[in-house]
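Because the structure is predicted, anything quoted here is derived from the model rather than measured. Excluded from the calculations below are hydrogen atoms, water molecules and symmetry mates; all remaining heavy atoms, backbone and side chain alike, are included.
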Amino acid sequence: MRVECEGNTYEFERPMLASKLLEQLSLSRETHLVVVNSKLVTEDHKIEKDDEVKLVRVVSGG
Amino acid sequence: MKCRVCGKPASINLRSYKTALCEEDFIAFLEKRVSNTIKKYRLMEEADRPVVAVSGGKDSLSLWYMINRIGYAADGIYVDLGIEGYSGRSLGKIRQMADILRRKVYIFHVQEALQRGIDGIAKAIRRPTCSACGTIKRYIMNRICIDKGYTLLATGHNLDDEASALFGNILYWKKEYLWKKNVLLEGKEDHLVKKIKPFFLCSEREIAAYAIMKGIDYIYEECPFSKDAKTLTYKGILNGIEESSPGTKIMFVKGYLNMVKEKGGEKEDGREGRYCLQCGYPTFSDKCSFCRLLDRFGTGCAVEFDQYD
Ligand SMILES: [Zn+2]
Ligand SMILES: [Zn+2]
């Protein structure tokens with residue numbers, strides 16, 4: 001899967017849970033949303049090998 | 001995870017509400033919360049003419065979109081700070097939303113009125129960029145309402161903005177600000193417009209989710225000057241607490257609102273007690289800080305707004 005986050009792109013070979021992906025990148029579920037193939041998913045969603053993933057930061061400077 | 005309402009796969013897990021919802025049901029859930037906030041705190045009445053302060057970010061664009069959708073027709077106001085590579089793109093997103101909503105947006109160009117961008121002004125008056133920006137934005141947002149007859153200014157401040165500001169005010173016991181925050185800030189006839197924050201009880205996460213679901217195209221990058229390290233630190237700390245104790249942020253802010261109600265809040269603006277002799281804006285002296293900027297940097301023309309509709 002291809003993962004886009006804050007201007008960086010990561011590649012992961014194996015399917016994994018959305019929660020696992022956040023953990024791998026040291027991100028919190030409170031501050032980042034996981035969007036898979038343009039759809040928002042919950043932490044227990046399994047991301048497949050060919051999915052396009054975007055991690056969206058929700059916190060802004062204020 | 002399944003949607004608690006319809007049983008379809010959930011799109012978002014809302015631990016602070018002990019629920020998970022699909023797209024459709026989450027949208028209804030969040031819109032209802034905002035509708036209820038508006039009714040409970042009497043933010044808008046039918047006779048009101050609201051205008052939304054838009055920046056191009058997720059909060060203000062989502063607010064503009066949502067309140068039009070839930071039955072409150074609202075135009076927008078944008079202050080173009082003349083920040084290269086940023087202001088223009090923000091304006092693009094705002095125009096796009098104006099087209100979708102078929103609403104008007106007023107644009108105030110700082111560069112045209114004061115012959116320089118916000119960073120140039122800040123340097124010339126030796127103040128931090130964000131503080132000069134705040135002065136100009138507050139003034140212009142108010143001025144548009146007074147000039148064009150809007151009765152309300154709605155801003156996109158969210159739960160995390162309020163919680164982090166409150167956290168900072170408590171940490172340093174800033175008594176002069178502590179009891180002045182509210183969902184609604186009363187105005188002063190002909191001088192100061194009433195301000196409302198319909199997203200006061202909606203988290204950034206919820207608003208970002210709403211924006212994604214609705215396909216709202218907002219500017220993702222931060223303003224290059226808004227490096228408010230403290231706000232980001234507080235938000236990080238509060239989100240850390242939220243992670244282990246879901247619902248803490250909303251309890252913190254709701255508890256605060258209840259205390260304000262009990263002890264009676266204090267006014268955020270208008271404490272100056274005097275009005276600018278030139279324009280009528282509340283001020284401590286004869287002339288408000290914006291009129292002083294106009295005297296120094298202005299072209300001698302009156303304050304004008306571009307209109308896009
Ligand atoms: Zn559902
Ligand atoms: Zn003035």
Cut-off 4.5 Å, heavy atoms of chain B, and the answer for L40(A) is both
I'd like to know if the side chain of K39(A) and the backbone of M213(B) have a donor-acceptor N/O pair within less than 3.5 Å. no
Contact origin within Y234(B) toward chain A - heavy atom pairs under 4.5 Å: neither
Checking heavy atoms, do the side chain of V59(A), its backbone, both or neither come under 4.5 Å from chain B? both
Taking the side chain as every heavy atom from C-beta outward, state whether R29(A) and R15(B) have any atom pair closer than 4.5 Å. yes
Part of E206(B) lying under 4.5 Å from any heavy atom of chain A: neither
Is it the case that atom CD in E6(A) sees more than 12 heavy atoms from other parts of the structure closer than 6.0 Å? yes
If you draw a 6.0 Å radius around CD in E176(B), do more than 12 non-hydrogen atoms from other residues or ligands fall strictly inside? yes
Can you confirm whether more than 12 heavy atoms, excluding those of R127(B), are under 6.0 Å from its CZ atom? yes
Supply the atom-to-atom distance R57(A) CZ to R205(B) CZ, rounded to the nearest 0.5 angstrom. 15.5 Å
For N158(B), is it the side chain, the backbone, both or neither that has a heavy atom under 4.5 Å from a heavy atom of chain A? neither
At what distance, to the nearest 0.5 angstrom, does CD of E43(A) lie from CD1 of I12(B)? 9.0 Å
Atom of M1(B), atom of T42(A) and distance for their closest heavy-atom approach: CB-OG1, 3.9 Å
Just wondering, more than 12 heavy atoms not from K137(B) lying within 6.0 Å of its NZ? no
Other residues, nucleotides, ligands: >12 heavy atoms within 6.0 Å of E11(A) CD: yes
Between Y220(B) and V56(A), is there a donor-acceptor pair closer than 3.5 Å when you use the side chain of the first and the backbone of the second? no
Are any side-chain N or O atoms of N239(B) and backbone N or O atoms of E30(A), one a donor and one an acceptor, separated by less than 3.5 Å? no
What is the distance from atom CG of D44(A) to atom NZ of K2(B), rounded to the nearest 0.5 Å? 9.0 Å
Out of G215(B), A209(B), S203(B), which one racks up the most heavy-atom pairs below 4.5 Å with chain A? A209(B)
In terms of heavy-atom proximity below 4.5 Å to chain A, should A10(B) be classed as side chain, backbone, both, or neither? both
Tell me if the NZ atom of K54(A) is crowded by more than 12 foreign heavy atoms within 6.0 Å. no
Quick check: closest heavy atoms across S60(A) and K235(B), and the distance to 0.1 Å? O-NZ, 2.6 Å
